[in-house]
Amino acid sequence: MNGKLSNIGKWVFGLLALITVALAVYFYMDLSSDARTNMLLNWGYILVILGIVFALASVCFTAAVNGVNIKKLLIAVVAIAVIAVVAYMMSKSSFDVPYQAGEITYSGKTHGWVEFGLNFFYVTFVVSLVTILFSVLYKAIKK
């Protein structure tokens with residue numbers, strides 16, 4: 001069963017990559033068209049949504065096949081929630097500050113959510129580095 005799913009995944013990835021390359025070539029043929037820019041941006045949105053759907057489906061499928069360890073699942077959900085709260089608290093003041101890029105002014109809400117996303121990434125990165133360091137040191141001491 002996994003072999004068939006792996007092959008299907010490879011074909012789907014190949015098809016999406018082929019469509020992306022074709023759209024990129026079409027986009028760069030004439031850079032002055034706003035319709036082409038919107039089309040390429042919309043394709044990017046579709047790819048992000050498909051990535052999220054496939055990631056969630058993969059987790060659900062793996063849980064269904066291998067069984068669910070509720071304790072590990074709850075630890076992961078609580079860890080993600082704690083990281084999200086920390087990232088939100090770090091970016092809370094940014095929700096009141098508008099952001100201007102050239103002629104376009106973004107609202108404070110947009111600026112705050114971008115800051116939240118960046119802080120979430122930074123906190124997750126630091127936590128993963130600390131976890132890796134702890135794991136390596138623990139295994140070295142244990143031997």
Exercise. Residues two or more places apart in sequence or in another chain: which of them pass side-chain hydrogen bond (donor to acceptor under 3.5 Å, both in side chains) with W43?
Worked result: T20

Exercise. By the rule that ILVMFWY residues connect when side-chain heavy atoms come within less than 4.5 angstrom, directly or transitively, which residues belong alongside I49?
Worked result: V53

Exercise. Who passes side chain to side chain contact (heavy atoms under 4.5 Å, CB included) against I70, sequence neighbours left out?
Worked result: V68, L74

Seminar exercise, completed: All heavy atoms of A84 vs all of F116, minimum pair found to be O-CE1, 3.3 Å

Exercise. Listed by chain and number, what are the side chain to side chain contact (heavy atoms under 4.5 Å, CB included) partners of I52, not counting sequence neighbours?
Worked result: V48, L56

Validation: residues 117-125 side-chain donor-acceptor distances under 3.5 Å, sequence neighbours left out:
unit_1: N119; atom_1: ND2; unit_2: E115; atom_2: O; d: 3.3
unit_1: T124; atom_1: OG1; unit_2: F120; atom_2: O; d: 2.7

Exercise. Are there more than 12 heavy atoms of other residues, nucleotides or ligands under 6.0 Å from atom CE of M39?
Worked result: yes

For this session: Not counting sequence neighbours, list each pair that qualifies as a side-chain hydrogen bond (donor to acceptor under 3.5 Å, both in side chains) and has a residue in residues 53-68.
Result: none

For this session: Following the transitive rule for hydrophobic clusters with a side-chain heavy-atom cut-off under 4.5 Å over Ile, Leu, Val, Met, Phe, Trp and Tyr, establish whether L73 and V127 coincide in one cluster.
Result: no

For this session: Look up atom CG in L50 and atom OH in Y45, then write down how far apart they are to the nearest 0.5 Å.
Result: 15.0 Å

Exercise. Who are the ring pair (Phe, Tyr, Trp, His ring centres under 6.0 Å) partners of Y88, not counting sequence neighbours?
Worked result: F95

Exercise. Which other residues belong to the hydrophobic cluster containing L133, where Ile, Leu, Val, Met, Phe, Trp and Tyr are joined when side-chain heavy atoms lie under 4.5 Å apart, directly or via other members?
Worked result: L137

Exercise. Does K71 have any side chain to side chain contact (heavy atoms under 4.5 Å, CB included) partners at least two apart in sequence or in another chain, and if so, which?
Worked result: N69, I75

